[in-house]
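Numbering starts at 1 and runs along the sequence shown.
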Amino acid sequence: MPSRRTFLHALPALAGCLTLPAVRAQSSSAWCATWGTAPAGPPPSASLQTFSNQTLRLIVHTSIPGNRVRVRLSNEMGSGPLRIGAAHIGVRSGGASLLAGSGRDLTFGGSSGATVAPGDPLVSDPIDFAVPALADLAVSLWLPGSTQATSIHDLALQTNYVSVAGNYAGANTLPVQRTLASWPFLTAVDVTSAAGTPSAIVALGDSLTDGVRSTSNANRRWTDYLARRLRAETLPGSAPIAVVNRGISANSLLTDYPTALLSGRDALERFDRDVLATAGARWLFVLIGINDILYSSASSPVPAESLQAGWLQLIARARTRGMQVIGTTLPPYEGHAYFTTARDAVRQRANAWIRTSGAWDAVADFDAVLRDPGRPTRLLPAYDGGDHLHPNDLGYEAMAKAIPLGWFGV
């Protein structure tokens, strides 16, 4: 780890918003995630999806290119075996269709299919495959039996596809029966790169990272904007830097909600799987804690000290793997249905600690980026997604623009 050296970085429109030390990349393994999401579940029975001898075509947007690829699947929230009959990957041309000639079959231990025990993940065999940067891939899974989507990322903000009955994993054109707004079973796409040893930025968070109120099918989460900045501004020949989104809408830092498992296990519990297991992870953004405040008692909310203790644990665990950790302040939300002055006092105490504790390797002050200068407990109207808590596309873009790329050696 480099020594911590605090200085002020100011963007023209955001002077004083970010306090940070220099953050530099460290050595990485050959594999690096180009895309990822965080699994949750199982869903309540009323919303549990079942597939019967059907093919899923799941669309994901890459951050960095690669010349080899593997995917990670999950049955970690399942209570029964997950049977994969066939799997395939290709470059999407549009809708549920593949670019002709781009597809390759995926295998698992040399076999075209696999059975995943409940509670387990599954990583495919590496294959040679040209993965473009900032492009849509289609990962197709034929589920030959009756399969329940118990391990799922609920808020994809991406249209995915379910076929009519049959194995269409390798078909360029998928006969679509219906669409999905979620990602069942798929949790990561990893690549190796001929352009140098890639590294990944992992964003751990809740709906503010998952992208609630951003435009669907447009990749306008703040992590997407950051990935595009990195791609545009990294010098040719430099090692690629990926951005991997591990946000889950309604997720909390400290608390599980047994009746709302689609919001995911708390960040302390899911950290090893969703952060430390991410291939190539070298930097971590932590934007989580607002739901702990919102869902706590209106008159006697969670103490800021409890949030601080949780964040310190995430920092300590990330540093066991040599990761550098960037804290982010919690944006304002006056006008939201769960706003109270007592809850907001906790947010402001927590933000003061994030800014001044020195616990982080850097701090991104998203509160300062998004708030209305005339009423700092509210979002700037131009950035308000409509519920007074979540930004719109412009707000997410502003968050990404406020991040100095020098933190990552760019």
Side-chain angles (χ1 to χ4, degrees), residues 1-5 9 18 20-37 60-72 89 91 123-137 187-204 209 219 221-246 274-286 318-326 328 360-362 364 399-410:
M1 294 283 293
S3 61
R4 297 184 196 166
R5 180 169 57 87
H9 179 96
L18 301 173
L20 58 130
V23 178
R24 299 176 184 172
Q26 299 181 13
S27 61
S28 171
S29 62
W31 285 100
C32 183
T34 186
W35 173 88
T37 193
V60 304
H61 195 68
T62 65
S63 57
I64 61 171
N67 56 6
R68 302 176 78 216
V69 71
R70 68 186 185 190
V71 305
R72 180 177 171 124
I89 190 168
V91 178
V123 178
S124 70
D125 300 329
I127 59 170
D128 293 333
F129 182 82
V131 175
L134 305 178
D136 287 346
L137 299 181
T187 62
V189 177
D190 300 339
V191 297
T192 62
S193 173
T197 304
S199 299
I201 299 164
V202 182
L204 178 69
T209 296
N219 301 301
R221 310 163 191 86
W222 71 263
T223 52
D224 298 315
Y225 285 111
L226 179 59
R228 287 191 283 271
R229 282 192 65 206
L230 286 163
R231 188 66 186 163
E233 299 180 37
T234 299
L235 292 174
S238 300
I241 300 174
V243 183
V244 181
N245 189 314
R246 303 293 195 182
D274 291 345
V275 176
L276 299 187
T278 301
R282 286 296 172 267
W283 300 276
L284 171 66
F285 275 85
V286 176
R319 287 180 177 156
T320 65
R321 299 291 181 87
M323 297 181 70
Q324 294 182 292
V325 190
I326 300 163
T328 66
W360 313 90
D361 294 296
M399 293 164 70
K401 284 183 175 178
I403 297 167
L405 300 189
W407 289 355
F408 318 111
V410 175

Measure from the side-chain N and O atoms of T62 to the backbone N and O of T34, and report whether any donor-acceptor pair falls under 3.5 Å. no
Once rounded to the nearest 0.5 Å, what's the spacing between atom CE of M399 and atom OG1 of T328? 7.0 Å
Run the ring-centre check on F285 versus W360 and record whether the distance is less than 6.0 Å. no
Whether the side chain of R229 engages the backbone of A400 through a donor-acceptor N/O pair (distance < 3.5 Å, no angle test) should be reported. yes
Under the side chain to side chain contact (heavy atoms under 4.5 Å, CB included) test, which residues partner R231, sequence neighbours left out? P65, A133, L134
Does any part of the side chain of V69, heavy atoms only, come nearer than 4.5 Å to the side chain of I127, both counted from C-beta? yes
Test item: T234 side-chain N/O and L230 main-chain N/O as donor-acceptor pair under 3.5 Å: yes
Between N245 and T209, do the side chains contain an N or O donor and an N or O acceptor separated by less than 3.5 Å? no
Nearest non-hydrogen partners of T192 and A30, listed with the distance: CG2-O, 3.6 Å
Is there side-chain contact between W31 and R68, with heavy atoms separated by less than 4.5 Å? yes
Shortest non-hydrogen contact from S193 to N67? N-OD1, 3.9 Å
Minimum heavy-atom separation for P132 to A130, with atom names? CD-O, 3.5 Å
Can you give me the closest heavy-atom contact between R246 and T278, atom names plus distance? NH2-OG1, 3.1 Å
Does T187 have any side-chain hydrogen bond (donor to acceptor under 3.5 Å, both in side chains) partners at least two apart in sequence or in another chain, and if so, which? none
Can you list the residues that meet the side-chain hydrogen bond (donor to acceptor under 3.5 Å, both in side chains) rule with R70, with sequence neighbours excluded? D190
Quickly, which of S199, P198, S63, C32 forms a side chain to side chain contact (heavy atoms under 4.5 Å, CB included) with P240? Name it, please. P198
Less than 4.5 Å apart, side chain to side chain, heavy atoms only: is that true for W35 and V244? no
Please name the pair of heavy atoms, one in F129 and one in L137, separated by the smallest distance, quoted to 0.1 Å. CE2-CD2, 4.2 Å
Which atom names give the shortest non-hydrogen contact between I241 and W283, and what distance separates them? CG2-CZ3, 4.0 Å
Please confirm whether the backbone N or O of V123 pairs with a side-chain atom of R72, one donor and one acceptor, at under 3.5 Å? no
